[in-house]
Amino acid sequence: MLQDRKALLTGFGVGVALMYFLDPERGRRRRALVRDRIAHGARLTRDAAGATSRDLTQRASGIAASVRGKFNHAAVDDEILVERARARLGRLISHPRAVTITAEDGMLTLSGPILQREVMPLIDALERVNGVRGVLNELEIHKHAGSTPALQGGRSRPAPMSDFMQRHWSPSTRLLAGGGGLALTAIGSARRTLPGALVAGAGIAMLARAAANVEMRRLTGIGGKRRAVDVQKTITIDAPIGDVFAFWSAYENFPLFMSRVLDVCPATREGQSRWTVAGPAGIPVQFDAEVTAFEPDQSLGWRTIDGSTVAHAGLVRFEPVSDDQTRVHIRMSYNPPGGWIGHGIAAAFGVDPKMSLDADLLRMKTLVETGRPPHDAAQRETGLQL
(Lines give C-alpha, C1' and ligand atoms only; values in the text may rest on other atoms or scores of the structure.)
Protein backbone atom coordinates (compact mmCIF):
# COMPACT_ATOMS: atom_id res chain seq x y z
CA MET A 1 0.00 0.00 0.00
CA LEU A 2 2.81 2.39 0.92
CA GLN A 3 4.61 1.68 -2.33
CA ASP A 4 1.42 2.34 -4.28
CA ARG A 5 1.06 5.72 -2.59
CA LYS A 6 4.66 6.61 -3.34
CA ALA A 7 4.20 5.64 -6.97
CA LEU A 8 0.99 7.67 -7.15
CA LEU A 9 2.64 10.76 -5.64
CA THR A 10 5.67 10.37 -7.93
CA GLY A 11 3.46 10.11 -10.99
CA PHE A 12 1.43 13.12 -9.87
CA GLY A 13 4.60 15.17 -9.38
CA VAL A 14 5.98 14.20 -12.77
CA GLY A 15 2.64 15.09 -14.40
CA VAL A 16 2.56 18.51 -12.74
CA ALA A 17 6.16 19.20 -13.82
CA LEU A 18 5.40 18.19 -17.41
CA MET A 19 2.32 20.43 -17.49
CA TYR A 20 4.35 23.31 -16.08
CA PHE A 21 7.23 23.05 -18.54
CA LEU A 22 5.26 21.94 -21.62
CA ASP A 23 2.56 24.57 -21.32
CA PRO A 24 1.83 25.83 -24.88
CA GLU A 25 1.90 29.51 -23.89
CA ARG A 26 4.56 29.80 -21.18
CA GLY A 27 6.41 26.49 -21.35
CA ARG A 28 9.17 27.74 -23.65
CA ARG A 29 9.91 30.72 -21.40
CA ARG A 30 9.92 28.53 -18.28
CA ARG A 31 12.34 26.06 -19.86
CA ALA A 32 14.57 28.93 -20.95
CA LEU A 33 14.58 30.34 -17.42
CA VAL A 34 15.58 26.95 -16.01
CA ARG A 35 18.41 26.65 -18.55
CA ASP A 36 19.60 30.16 -17.71
CA ARG A 37 19.57 29.45 -13.99
CA ILE A 38 21.49 26.21 -14.46
CA ALA A 39 24.07 27.99 -16.62
CA HIS A 40 24.29 30.84 -14.11
CA GLY A 41 24.71 28.39 -11.22
CA ALA A 42 27.41 26.48 -13.11
CA ARG A 43 29.29 29.70 -13.83
CA LEU A 44 29.07 30.80 -10.19
CA THR A 45 30.28 27.38 -9.05
CA ARG A 46 33.20 27.49 -11.49
CA ASP A 47 34.19 31.00 -10.41
CA ALA A 48 33.89 30.10 -6.72
CA ALA A 49 36.03 26.99 -7.20
CA GLY A 50 38.71 29.03 -8.96
CA ALA A 51 38.70 31.74 -6.29
CA THR A 52 38.88 29.17 -3.49
CA SER A 53 41.75 27.36 -5.19
CA ARG A 54 43.73 30.57 -5.60
CA ASP A 55 43.01 31.64 -2.01
CA LEU A 56 44.12 28.28 -0.60
CA THR A 57 47.29 28.36 -2.71
CA GLN A 58 48.20 31.88 -1.58
CA ARG A 59 47.48 31.10 2.07
CA ALA A 60 49.60 27.97 1.91
CA SER A 61 52.45 29.95 0.33
CA GLY A 62 52.14 32.60 3.05
CA ILE A 63 52.18 30.03 5.85
CA ALA A 64 55.19 28.27 4.30
CA ALA A 65 57.06 31.58 3.98
CA SER A 66 56.23 32.45 7.59
CA VAL A 67 57.49 29.09 8.84
CA ARG A 68 60.69 29.42 6.82
CA GLY A 69 61.19 32.89 8.25
CA LYS A 70 60.89 31.60 11.83
CA PHE A 71 63.72 29.14 11.30
CA ASN A 72 65.81 31.34 9.03
CA HIS A 73 68.10 33.40 11.26
CA ALA A 74 70.12 34.91 8.46
CA ALA A 75 70.61 38.67 8.64
CA VAL A 76 68.13 40.78 6.68
CA ASP A 77 69.18 43.90 4.83
CA ASP A 78 68.20 47.00 6.80
CA GLU A 79 66.42 48.61 3.83
CA ILE A 80 64.26 45.49 3.39
CA LEU A 81 63.56 45.48 7.13
CA VAL A 82 62.34 49.09 7.00
CA GLU A 83 60.05 48.30 4.07
CA ARG A 84 58.60 45.30 5.92
CA ALA A 85 57.97 47.46 8.98
CA ARG A 86 56.41 50.31 6.99
CA ALA A 87 54.07 47.82 5.30
CA ARG A 88 52.56 47.15 8.74
CA LEU A 89 51.97 50.79 9.71
CA GLY A 90 48.88 51.45 7.59
CA ARG A 91 46.97 48.65 9.34
CA LEU A 92 48.02 49.66 12.86
CA ILE A 93 48.04 53.42 13.36
CA SER A 94 45.92 56.33 12.17
CA HIS A 95 48.84 58.53 10.99
CA PRO A 96 51.48 56.23 9.47
CA ARG A 97 53.31 59.06 7.68
CA ALA A 98 54.05 60.76 11.01
CA VAL A 99 56.23 57.86 12.17
CA THR A 100 59.82 57.52 10.94
CA ILE A 101 61.49 54.10 10.93
CA THR A 102 65.21 53.44 10.66
CA ALA A 103 67.10 50.16 10.97
CA GLU A 104 70.65 49.19 11.95
CA ASP A 105 71.80 45.58 12.26
CA GLY A 106 68.22 44.35 12.70
CA MET A 107 67.29 46.95 15.33
CA LEU A 108 64.38 49.25 14.43
CA THR A 109 64.22 52.80 15.76
CA LEU A 110 60.83 54.53 15.82
CA SER A 111 60.48 58.31 16.03
CA GLY A 112 57.84 60.94 15.38
CA PRO A 113 54.48 61.82 16.96
CA ILE A 114 51.94 59.12 17.73
CA LEU A 115 48.77 58.71 19.78
CA GLN A 116 49.22 56.96 23.12
CA ARG A 117 46.72 54.16 22.45
CA GLU A 118 48.59 53.11 19.31
CA VAL A 119 52.09 52.74 20.78
CA MET A 120 52.00 49.23 22.27
CA PRO A 121 50.08 47.56 19.41
CA LEU A 122 52.62 49.07 16.98
CA ILE A 123 55.69 47.89 18.92
CA ASP A 124 54.23 44.40 19.48
CA ALA A 125 53.50 44.03 15.76
CA LEU A 126 56.92 45.25 14.63
CA GLU A 127 58.73 42.93 17.04
CA ARG A 128 57.12 40.00 15.21
CA VAL A 129 58.39 41.09 11.77
CA ASN A 130 60.83 38.55 10.35
CA GLY A 131 64.42 39.73 10.79
CA VAL A 132 63.73 42.26 13.55
CA ARG A 133 65.95 41.74 16.60
CA GLY A 134 64.39 44.55 18.65
CA VAL A 135 62.55 47.87 18.60
CA LEU A 136 63.87 51.10 20.08
CA ASN A 137 61.05 53.47 21.07
CA GLU A 138 61.84 57.17 20.56
CA LEU A 139 58.27 58.18 19.71
CA GLU A 140 56.63 61.45 20.79
CA ILE A 141 53.58 60.13 22.62
CA HIS A 142 50.44 62.30 22.67
CA LYS A 143 47.33 61.40 24.62
CA HIS A 144 45.24 63.45 22.17
CA ALA A 145 45.94 64.91 18.74
CA GLY A 146 45.58 68.45 20.12
CA SER A 147 47.32 70.95 17.86
CA THR A 148 50.03 68.58 16.61
CA PRO A 149 50.02 69.07 12.81
CA ALA A 150 51.08 65.48 11.94
CA LEU A 151 48.23 64.01 14.00
CA GLN A 152 45.39 65.97 12.40
CA GLY A 153 42.79 64.07 10.42
CA GLY A 154 43.55 60.45 9.79
CA ARG A 155 41.33 57.49 10.49
CA SER A 156 41.29 55.15 13.45
CA ARG A 157 42.29 51.61 12.58
CA PRO A 158 40.04 48.85 13.87
CA ALA A 159 41.60 46.09 15.89
CA PRO A 160 42.57 43.04 13.80
CA MET A 161 39.72 40.55 13.54
CA SER A 162 39.70 36.87 12.72
CA ASP A 163 38.21 35.82 9.40
CA PHE A 164 35.06 34.54 11.09
CA MET A 165 34.37 37.95 12.68
CA GLN A 166 34.58 39.89 9.43
CA ARG A 167 31.59 40.98 7.37
CA HIS A 168 32.66 39.11 4.24
CA TRP A 169 34.45 35.77 4.50
CA SER A 170 37.31 34.74 2.25
CA PRO A 171 36.80 31.70 -0.04
CA SER A 172 38.92 29.51 2.25
CA THR A 173 36.95 30.57 5.33
CA ARG A 174 33.67 29.87 3.53
CA LEU A 175 34.92 26.42 2.54
CA LEU A 176 35.99 25.63 6.10
CA ALA A 177 32.76 26.97 7.64
CA GLY A 178 30.62 25.20 5.04
CA GLY A 179 32.35 21.89 5.72
CA GLY A 180 31.96 22.37 9.47
CA GLY A 181 28.30 23.31 9.07
CA LEU A 182 27.66 20.24 6.92
CA ALA A 183 29.32 18.00 9.51
CA LEU A 184 27.32 19.53 12.39
CA THR A 185 24.09 19.14 10.42
CA ALA A 186 24.81 15.47 9.76
CA ILE A 187 25.78 14.77 13.38
CA GLY A 188 22.76 16.61 14.80
CA SER A 189 20.32 15.00 12.36
CA ALA A 190 21.52 11.52 13.35
CA ARG A 191 20.54 12.17 16.98
CA ARG A 192 16.80 12.59 17.37
CA THR A 193 17.06 14.59 20.58
CA LEU A 194 16.80 18.23 21.55
CA PRO A 195 20.60 18.70 21.77
CA GLY A 196 20.86 17.01 18.37
CA ALA A 197 18.31 19.41 16.91
CA LEU A 198 20.25 22.37 18.32
CA VAL A 199 23.49 21.06 16.82
CA ALA A 200 21.78 20.53 13.46
CA GLY A 201 20.31 24.04 13.62
CA ALA A 202 23.75 25.52 14.32
CA GLY A 203 25.15 23.54 11.40
CA ILE A 204 22.44 24.77 9.04
CA ALA A 205 23.04 28.37 10.16
CA MET A 206 26.79 28.02 9.57
CA LEU A 207 26.21 26.42 6.18
CA ALA A 208 23.81 29.20 5.15
CA ARG A 209 26.27 31.86 6.36
CA ALA A 210 29.06 30.33 4.30
CA ALA A 211 26.89 29.92 1.19
CA ALA A 212 25.38 33.43 1.25
CA ASN A 213 28.51 35.22 2.57
CA VAL A 214 26.40 37.86 4.33
CA GLU A 215 26.24 38.78 8.01
CA MET A 216 23.90 36.79 10.25
CA ARG A 217 21.70 39.82 10.91
CA ARG A 218 21.21 40.27 7.17
CA LEU A 219 20.88 36.54 6.64
CA THR A 220 18.03 36.24 9.15
CA GLY A 221 16.64 39.77 8.86
CA ILE A 222 17.08 40.35 12.60
CA GLY A 223 18.51 43.81 13.20
CA GLY A 224 19.37 44.23 9.54
CA LYS A 225 16.91 47.13 9.08
CA ARG A 226 16.58 47.62 5.32
CA ARG A 227 19.76 45.94 4.08
CA ALA A 228 19.21 42.19 3.89
CA VAL A 229 19.34 42.21 0.08
CA ASP A 230 20.92 44.85 -2.18
CA VAL A 231 19.92 45.47 -5.80
CA GLN A 232 21.66 47.78 -8.29
CA LYS A 233 20.49 48.33 -11.87
CA THR A 234 21.21 50.80 -14.67
CA ILE A 235 19.13 51.42 -17.78
CA THR A 236 19.23 53.99 -20.61
CA ILE A 237 15.96 55.53 -21.80
CA ASP A 238 15.43 57.37 -25.07
CA ALA A 239 13.69 60.39 -23.54
CA PRO A 240 14.71 63.79 -22.11
CA ILE A 241 15.80 63.79 -18.48
CA GLY A 242 12.90 66.07 -17.50
CA ASP A 243 10.31 63.61 -18.81
CA VAL A 244 12.01 60.64 -17.16
CA PHE A 245 12.26 62.38 -13.78
CA ALA A 246 8.63 63.54 -13.99
CA PHE A 247 7.56 59.96 -14.68
CA TRP A 248 9.46 58.55 -11.69
CA SER A 249 8.37 61.31 -9.31
CA ALA A 250 4.70 60.52 -10.04
CA TYR A 251 4.49 57.29 -8.04
CA GLU A 252 0.99 56.64 -9.42
CA ASN A 253 2.81 55.42 -12.55
CA PHE A 254 4.47 52.47 -10.84
CA PRO A 255 1.55 50.03 -11.22
CA LEU A 256 1.72 50.71 -14.96
CA PHE A 257 5.08 48.96 -15.38
CA MET A 258 5.75 46.99 -12.18
CA SER A 259 4.03 43.64 -12.33
CA ARG A 260 3.73 43.28 -8.52
CA VAL A 261 2.77 46.81 -7.55
CA LEU A 262 -1.02 46.74 -7.37
CA ASP A 263 -1.76 50.25 -6.16
CA VAL A 264 -0.07 53.42 -4.87
CA CYS A 265 -2.01 56.21 -3.19
CA PRO A 266 -1.31 59.10 -0.79
CA ALA A 267 -1.02 58.08 2.86
CA THR A 268 -2.52 59.88 5.85
CA ARG A 269 0.61 61.99 6.43
CA GLU A 270 2.01 64.51 3.99
CA GLY A 271 5.02 63.29 2.05
CA GLN A 272 4.08 59.64 2.52
CA SER A 273 2.44 57.13 0.19
CA ARG A 274 0.73 53.80 0.75
CA TRP A 275 1.75 50.90 -1.46
CA THR A 276 -0.06 47.64 -2.10
CA VAL A 277 2.08 44.91 -3.67
CA ALA A 278 1.55 41.25 -4.50
CA GLY A 279 3.46 39.03 -2.09
CA PRO A 280 3.99 35.26 -2.19
CA ALA A 281 1.00 33.39 -3.65
CA GLY A 282 -0.41 36.76 -4.76
CA ILE A 283 -1.32 37.80 -1.21
CA PRO A 284 -1.55 41.65 -1.05
CA VAL A 285 0.96 43.33 1.26
CA GLN A 286 0.70 46.99 2.28
CA PHE A 287 3.34 49.40 3.55
CA ASP A 288 3.87 53.15 3.86
CA ALA A 289 6.87 54.94 2.35
CA GLU A 290 8.28 58.44 2.66
CA VAL A 291 10.46 60.53 0.35
CA THR A 292 14.05 60.98 1.58
CA ALA A 293 15.61 62.76 -1.41
CA PHE A 294 14.08 64.94 -4.11
CA GLU A 295 16.40 66.88 -6.43
CA PRO A 296 14.67 67.71 -9.72
CA ASP A 297 16.32 65.97 -12.69
CA GLN A 298 19.02 64.55 -10.39
CA SER A 299 17.89 62.12 -7.72
CA LEU A 300 14.86 60.63 -6.00
CA GLY A 301 14.99 58.59 -2.79
CA TRP A 302 12.52 56.84 -0.52
CA ARG A 303 12.30 54.46 2.43
CA THR A 304 9.58 52.63 4.30
CA ILE A 305 8.50 53.93 7.67
CA ASP A 306 9.35 51.97 10.81
CA GLY A 307 7.22 48.90 11.39
CA SER A 308 6.64 48.02 7.73
CA THR A 309 6.28 44.33 6.91
CA VAL A 310 8.97 44.53 4.21
CA ALA A 311 11.43 47.27 5.17
CA HIS A 312 13.28 48.74 2.23
CA ALA A 313 14.87 51.90 0.87
CA GLY A 314 15.93 53.10 -2.55
CA LEU A 315 17.72 55.85 -4.44
CA VAL A 316 17.37 56.65 -8.15
CA ARG A 317 19.89 58.92 -9.88
CA PHE A 318 19.30 60.49 -13.28
CA GLU A 319 22.14 61.26 -15.69
CA PRO A 320 21.67 62.99 -19.05
CA VAL A 321 23.37 61.17 -21.92
CA SER A 322 22.13 63.58 -24.59
CA ASP A 323 19.16 65.92 -25.09
CA ASP A 324 16.91 62.93 -25.86
CA GLN A 325 18.54 60.20 -23.78
CA THR A 326 18.75 59.60 -20.03
CA ARG A 327 20.63 57.03 -17.97
CA VAL A 328 18.87 55.88 -14.79
CA HIS A 329 20.79 54.30 -11.90
CA ILE A 330 18.64 52.41 -9.36
CA ARG A 331 19.94 51.22 -5.99
CA MET A 332 17.52 49.46 -3.67
CA SER A 333 17.90 47.58 -0.38
CA TYR A 334 15.17 45.59 1.30
CA ASN A 335 14.70 43.29 4.26
CA PRO A 336 11.90 40.73 3.77
CA PRO A 337 10.62 38.63 6.68
CA GLY A 338 13.37 36.10 7.34
CA GLY A 339 16.04 38.32 5.78
CA TRP A 340 18.24 36.80 3.08
CA ILE A 341 16.81 33.35 3.81
CA GLY A 342 13.27 34.67 3.41
CA HIS A 343 14.32 36.22 0.11
CA GLY A 344 15.56 32.82 -1.07
CA ILE A 345 12.31 31.14 -0.09
CA ALA A 346 10.28 33.85 -1.84
CA ALA A 347 12.44 33.46 -4.96
CA ALA A 348 11.68 29.73 -4.97
CA PHE A 349 7.98 30.63 -5.15
CA GLY A 350 8.54 33.06 -8.02
CA VAL A 351 8.68 36.28 -5.97
CA ASP A 352 12.20 37.57 -6.58
CA PRO A 353 12.48 41.38 -6.78
CA LYS A 354 16.06 41.10 -8.06
CA MET A 355 14.88 39.18 -11.13
CA SER A 356 11.54 40.89 -11.67
CA LEU A 357 13.18 44.34 -11.53
CA ASP A 358 14.90 43.69 -14.87
CA ALA A 359 11.59 43.04 -16.56
CA ASP A 360 9.96 45.97 -14.75
CA LEU A 361 12.64 48.38 -15.97
CA LEU A 362 12.20 47.20 -19.55
CA ARG A 363 8.45 47.84 -19.22
CA MET A 364 9.20 51.27 -17.80
CA LYS A 365 11.52 52.05 -20.73
CA THR A 366 8.81 51.04 -23.22
CA LEU A 367 6.17 53.02 -21.36
CA VAL A 368 8.21 56.25 -21.21
CA GLU A 369 9.38 56.00 -24.80
CA THR A 370 6.04 55.03 -26.38
CA GLY A 371 3.43 56.10 -23.83
CA ARG A 372 1.72 52.69 -24.03
CA PRO A 373 1.45 50.61 -20.82
CA PRO A 374 2.70 47.01 -21.30
CA HIS A 375 0.14 44.22 -21.28
CA ASP A 376 1.67 42.43 -18.25
CA ALA A 377 1.69 45.40 -15.83
CA ALA A 378 -0.36 45.19 -12.67
CA GLN A 379 -2.65 47.96 -13.98
CA ARG A 380 -3.26 49.00 -17.58
CA GLU A 381 -6.30 51.21 -17.46
CA THR A 382 -4.80 54.06 -15.41
CA GLY A 383 -3.60 57.08 -17.36
CA LEU A 384 0.08 57.88 -17.60
CA GLN A 385 1.18 60.68 -15.23
CA LEU A 386 3.84 63.11 -16.46
Original post:
Going by atom types only, do His329 and Glu319 share a side-chain donor-acceptor pair under 3.5 Å?
Top reply: yes
Subject >> Nearest-0.5 Å distance, CD1 of residue Ile204 to CG of residue Leu184 >> reply: 10.5 Å
Subject >> Any Ile123 side-chain heavy atom under 4.5 Å of Glu127 side chain >> reply: yes
Original post:
With a 4.5 Å heavy-atom cut-off, do Leu151 and Leu115 have their side chains touching?
Top reply: yes
Original post:
Should Val291 and Val244 be regarded as members of a common hydrophobic cluster, given that ILVMFWY residues are connected when their side-chain heavy atoms come within less than 4.5 Å of each other, either directly or indirectly?
Top reply: yes
**OP:** Side-chain contact test, heavy atoms from C-beta onward, threshold under 4.5 Å: evaluate it for Thr326 versus Val321 and give yes or no.
**Re:** no
**OP:** Nearest 0.5 Å please: distance from the OG atom of Ser172 over to the CZ atom of Arg54.
**Re:** 11.0 Å
Original post:
Are side-chain heavy atoms of Leu126 and Arg88 found at a separation under 4.5 Å?
Top reply: yes
**OP:** State the CD-OG distance between Gln152 and Ser147, to the nearest 0.5 angstrom.
**Re:** 7.5 Å
Original post:
When Arg274 is tested against each of Asp288, Asp263, Val264 for side chain to side chain contact (heavy atoms under 4.5 Å, CB included), which residue passes?
Top reply: Asp288
Original post:
Which word best sums up how the rings of Phe257 and Phe247 line up, parallel for under 30°, tilted for 30 to 60°, or perpendicular for over 60°?
Top reply: tilted
Subject >> Glu104 and Thr109 side chains, donor-acceptor separation under 3.5 Å >> reply: no
Subject >> Pairwise side-chain contact, Ile235 with Lys365, heavy-atom cut-off 4.5 Å (strictly under) >> reply: yes
**OP:** Look at the aromatic rings of Tyr251 and Trp275 and report parallel, tilted or perpendicular, splitting at 30° and 60°.
**Re:** tilted
Original post:
Are Leu139 and Met107 linked, directly or through other ILVMFWY residues, by side chains that come within less than 4.5 angstrom of each other?
Top reply: no
Original post:
Are side-chain N/O atoms of Ser170 and Arg59 paired as donor and acceptor at under 3.5 Å?
Top reply: yes
Subject >> Side-chain heavy atoms of Thr100 within contact of Leu110, under 4.5 Å >> reply: no
Original post:
Do we see a donor-acceptor contact under 3.5 Å between the side chains of Glu138 and Ser111?
Top reply: no
Subject >> Side chains of Trp302 and Val316 in contact at under 4.5 Å (non-hydrogen atoms) >> reply: yes
Original post:
By side chain to side chain contact (heavy atoms under 4.5 Å, CB included), which residues pair with Pro320, not counting sequence neighbours?
Top reply: Ile241
Original post:
If you draw a 6.0 Å radius around CZ in Arg84, do more than 12 non-hydrogen atoms from other residues or ligands fall strictly inside?
Top reply: yes
Original post:
If you count the non-hydrogen atoms of other residues, nucleotides and ligands that lie under 6.0 Å from CG in Asp47, is the total more than 12?
Top reply: yes
Original post:
So which of Thr234, Ile330, Val328 actually passes side chain to side chain contact (heavy atoms under 4.5 Å, CB included) with Leu361?
Top reply: Ile330
